[in-house]
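What follows is one structure encoded as structure tokens, with my remarks underneath.
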Amino acid sequence: MTELAFHNSATRQREIFAPIDPQHVRLYVCGPTVYDLAHLGNARPVVVFDVLARLLRRRFPRVTYVRNITDVDDKINARSQESGEPIAAITARTTADFHADMAALNCLPPDEEPRATGNIDRMITLIERLIANGHAYAADGHVLFAVNSYADYGRLSGRSTEEMLAGARIEVAPYKRDPGDFVLWKPSGDDLPGWDSPWGRGRPGWHIECSAMAWRYLGTDFDIHGGGHDLLFPHHENELAQSVCAFPGSRFARTWMHNGMVLVNGEKMSKSLGNFLTLRDLLANGPWAGEAFRLLLLKTHYRSAIDYTLDRLHEARGELDDFYALLTRGLPEPEEDDPLVAEMAEWALEPVADDLNTPLAVARLRDLRTLENVATVGGSATAVLSRVGRNWQPASGQAAAALRQAAGVLGLLSADPRTWRQGGADDGAAIEAAIAARLAARAARNWAEADRIRAELTAQGIVLEDGPSGTTWRRA
RNA sequence: GGCCCGAUGGCAGAGUGGUGAUGCAGCGGACUGCAAAUCCGCGUACGUCGGUUCAAUUCCGGCUCGGGCCUCCA
């Protein structure tokens, strides 16, 4: 089995993955701030790191995947003040929506999904440690992290403090000793959520929550930290600084992985730009849209930017149609431990181990599809086999089993194939009757009648496929 | 303005110091009563200018263009 290798943002290099504890791999990914529906860009890290988690679970005895819910944030407060809806209602509703949307993308839940508000005490502990260690100071009701107390500040995101100041045009709060200092704790008035603390009633700054939750569930040192590339600075830089300074001698995450942005019309999709499409908008295209979007994401390498278009979504759907067509054929089931099936599946997944090269893995899935089609429908697999460099001669059902197994690690092709192709209206019996009538007409060589029936079904959005083993149908 | 990343055929998108994957679209063929599905085959690409090398799309540098971060952001 090929070893795993990932591009580490912290070193800007591809590195062989060696977990701190090979018996227990630990992964942390930044989760959503629950103040509004998730958009397409929010979905990308969830899908990408879902694939990573599936891969890790396949390779290691135990994996703990933590993804937080940020349910205390000034955007949430602002939303509540605008709409009058209580904060708890906004966060509960948005969290439920998020879960539903991610399930529609076939993302598995993380092992732990802590909420920021459930970890305030941990954050306070961290802040106290930072003050005690000389890395933070209280000023004007706030507690700030002192950037110049940490020599490596800026190293993760690859920028010096001078560089950061050079371009910064933000106004600097008067209570900051250094313009780069960031807030760990800030005071809350009576109209805002707040918790008692040594510095008065207040609420946490943005970055401290992830440090607290990673510490609680994964310890001071763990294997992989993931998130969108736009979080690299300042969020991850600050998170790292806080955690390392709170626990001298620790290193926090060994590997940092960042996914590229989802673009629309060549520009980053974001709520502040207003050019976003929510998952709800996307899923309204049909029951196929969730998996089609997942495939669309996995057809591009996770670190590259990806431009979303509806055409590409339809293209991905068409590909899934082809895969599911094969899986509806009622193929023989190979033995559980069939070595050829295992070999083919392993081959297809090989690229995923190389910094999540899902586009190449998807291409290999297509080769397995061709092998199965050749085995069951007929034709020649010479082109595929020469490309693959093997002399596989799979019997009917073997390549399909390998396909399902490999696709499962990508979170694809796990729907019921018949539902995928024929789900929707409850008119299956009528369609089957029409197909039987057409077959009778064909048997009588009454082509006009047979074509009339087919045209009628086509008008209803039903596509017929005549195969060696009979006629099947699907919805267009 | 500072820092970082990218530029592959009509579109999307892997990969490699030496015959340039794959998908969609297009074209031709097999199969089919005709289609659809399936299989086979074909065409057009490595932004630009230099450098290193026997050889560069692949390594190095300049340029152009695009994107990201520097402010909330997946």
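Here is the naming used below: chain letters follow the sequence lines, and residue numbers restart at 1 for every chain. A quick note: this is a predicted structure, and the numbers were derived from the prediction, not measured. All values below were derived from every heavy atom in this structure, side-chain atoms included, with hydrogens, water molecules and symmetry-related copies excluded.
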Nearest-nucleotide pick for [X], side chain only, options being [options]:
| X | options | result |
| --- | --- | --- |
| A:Arg312 | B:A14, B:G13, B:C72 | B:G13 |
| A:Asn42 | B:C70, B:G67, B:A74 | B:A74 |
| A:Ala363 | B:A74, B:A14, B:U22 | B:U22 |

- [ ] Taking only heavy atoms on the protein side, list every residue of residues 385-401 of chain A lying under 4.0 Å from any atom of RNA chain B, sorted numerically.
- [x]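 Here the set is A:Arg387.
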Task: Residues that A:Glu267 engages under side chain to side chain contact (heavy atoms under 4.5 Å, CB included), provided they are two or more places apart - done: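 So A:Glu267 forms a side chain to side chain contact (heavy atoms under 4.5 Å, CB included) with A:Leu273, A:Asn275.
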Open item on the list: Taking side chain to side chain contact (heavy atoms under 4.5 Å, CB included) as the definition, give me every residue that meets it alongside A:Glu315, ordered by chain and number, with sequence neighbours left out.
Closed with: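 Here the qualifying residues are A:Lys299.
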With a non-hydrogen cut-off below 4.0 angstrom, is [X] in contact with a base, only sugar-phosphate, or nothing?
| X | value |
| --- | --- |
| A:His39 | base |
| A:Leu231 | sugar-phosphate |
| A:Glu315 | base |
| A:Val362 | nothing |
| A:Gly318 | nothing |
| A:Lys268 | base |

TODO: Go ahead and write out RNA chain B as dot-bracket, 5' to 3': ( ) for pairs within the strand, [ ] for ones crossing earlier pairs, | when the partner sits on another strand, dots for unpaired; Watson-Crick or G-U wobble, both distances under 3.5 Å.
DONE: (((((((..(((.....[...))).(((((.......)))))....(((((..]....))))))))))))....
Task: Partner of A:Met344 by side-chain contact (heavy atoms from CB on, under 4.5 Å), out of A:Leu368, A:Leu403, A:Asp367, A:Leu349 - done: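 Testing each of A:Leu368, A:Leu403, A:Asp367, A:Leu349 against A:Met344, the sole residue satisfying side-chain contact (heavy atoms from CB on, under 4.5 Å) is A:Leu368.
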Task: Nucleotide-resolved protein contact map, nucleotides 30-41 of chain B, B/S/- at heavy-atom distance under 4.0 Å - done: ---BBBBSSSSS
Using the 3.5 Å cut-off, write out each protein N or O paired with an N or O of nucleotides 4-9 of chain B and the distance between them.
none

- [ ] Could you walk me through whether A:Thr33 and A:Ile76 pass the side chain to side chain contact (heavy atoms under 4.5 Å, CB included) test, one step at a time?
- [x] CA-CA 8 Å; A:Thr33 299; A:Ile76 301 172; 4.1 Å; yes
Task: Toward the 5' end of RNA chain B, by each residue's nearest nucleotide, A:Glu267 or A:Asp354 - done: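 Result: A:Asp354.
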Open item on the list: Distance check, rounded to the nearest 0.5 Å: A:Asp451 atom CG versus A:Asn446 atom CG?
Closed with: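 That separation rounds to 9.0 Å.
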What integer number of Å spans the [atom1] atoms of [N] and [M]?
| N | M | atom1 | result |
| --- | --- | --- | --- |
| B:G13 | B:U22 | C1' | 8 Å |
| B:G10 | B:A56 | P | 24 Å |
| B:C46 | B:A7 | P | 14 Å |

